Amino acid sequence: MTIELFWGSGSPFAWRVLLALEYKRLPYVSHLLQFSKQEHKSPQMLALNPRGRVPVLKDGDYVCFESLAILYYLDLKYPQPPIFGRTPEEAGTIMRVICEYQAYIEPRLTAIASGVFQGNADLSGDEITDALHAVANEARTIEGRLSKSDWIVGDACSAVDMVIFPGIQLLKRALERPQARELSSRFMPVEVNYPSLGRWLARVAALPGYERTYPPHWR
Ligand SMILES: N[C@@H](CCC(=O)N[C@@H](CS)C(=O)NCC(=O)O)C(=O)O
């Protein structure tokens with residue numbers, strides 16, 4: 001069976017899946033879609049995912065979308081190396097930290113990133129400032145985990161690293177923009193404010209195949 005991945009450059013959700021495919025050393029056909037040409041909304045793509053969003057994974061006749069669902073599918077279908085832990089307890093903790101990230105960090109991180117990139121929010125207003133404070137507090141918890149272990153949960157790279165890493169990269173990229181200079185001081189430079197998180201970012205970036213996952217338009 002051939003695995004095909006439909007994705008877009010800079011999508012943190014697609015990046016998760018690329019990291020998982022590379023980590024599991026699965027061969028795949030990459031379909032890099034151009035958001036600017038609305039290729040993710042083509043009739044062919046809408047037939048695969050009626051929401052017109054990426055990533056979409058096709059494995060033979062089976063189609064899956066929603067990045068976390070894709071990670072879960074890949075792990076059950078291609079179990080080695082596992083990304084949802086080696087024990088039920090590890091799996092539970094990996095899922096728990098992913099759920100915490102999605103509930104308490106991701107919406108705020110998205111608000112900050114779209115405020116910076118799309119200019120649709122006042123970067124010195126309460127909403128964005130509060131969002132950054134909340135993200136910075138949550139990052140402290142992750143920093144605590146990473147000060148005790150190389151990976152966020154357990155002693156190997158897992159789905160939780162793949163879910164959180166692209167989000168942190170997106171946040172860093174947003175906070176590096178000149179218009180975010182004042183806002184960024186609470187978080188940046190990551191390597192100084194969160195040394196263990198900084199080392200973890202470098203650790204993920206050193207994984208085999210990482211270069212193939214890096215958003216082409218960020219180079
Ligand atoms: N919850 C989805 C989110 C997917 C998503 O929002 N993808 C964005 C790219 S970052 C997209 O395709 N946006 C296109 C659009 O909304 O038109 C997942 O985890 O896969």
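Whatever order the structure lists ligands and atoms in, that order sets their numbers, starting from 1. Note that these values count all heavy atoms, side chains included, but never hydrogens, waters or copies made by symmetry. Since the structure is predicted, the reported quantities are computational estimates derived from the model, not experimental observations.
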>> Checking Tyr73 against Glu66: is there a side-chain donor and acceptor pair closer than 3.5 Å?
In response: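 Not at all, the side chains of Glu66 and Tyr73 share no donor-acceptor pair under 3.5 Å.
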> Phe35: which other cluster members, linking ILVMFWY side chains closer than 4.5 Å, directly or transitively?
Replying inline: Phe6, Leu33, Met45, Leu48, Val54, Val56, Val63, Phe65
> Does a side-chain N-to-carboxylate-O contact under 4.0 Å join Asp75 and Lys24?
Replying inline: yes
Check ligand 1 for N or O atoms under 3.5 Å from a protein N or O and list each pair with its distance.
residue	atom	partner	partner atom	Å
ligand 1	1 (N)	Glu66	OE1	2.7
ligand 1	6 (O)	Arg53	NH1	2.6
ligand 1	7 (N)	Val54	O	2.9
ligand 1	12 (O)	Val54	N	2.9
ligand 1	17 (O)	His40	NE2	3.4
ligand 1	17 (O)	Lys41	NZ	2.8
ligand 1	19 (O)	Ser67	N	3.2
ligand 1	19 (O)	Ser67	OG	2.7
ligand 1	20 (O)	Ser67	N	2.9

> Does Tyr194 have any ring pair (Phe, Tyr, Trp, His ring centres under 6.0 Å) partners at least two apart in sequence or in another chain, and if so, which?
Replying inline: Phe187
> What about Trp7 and Phe13, are their ring centers closer than 6.0 Å?
Replying inline: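 No - the distance between ring centres of Trp7 and Phe13 does not fall below the 6.0 Å cut-off.
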>> I need the full list of ring pair (Phe, Tyr, Trp, His ring centres under 6.0 Å) pairs touching residues 95-132, with sequence neighbours left out, sorted by first then second residue.
In response: none
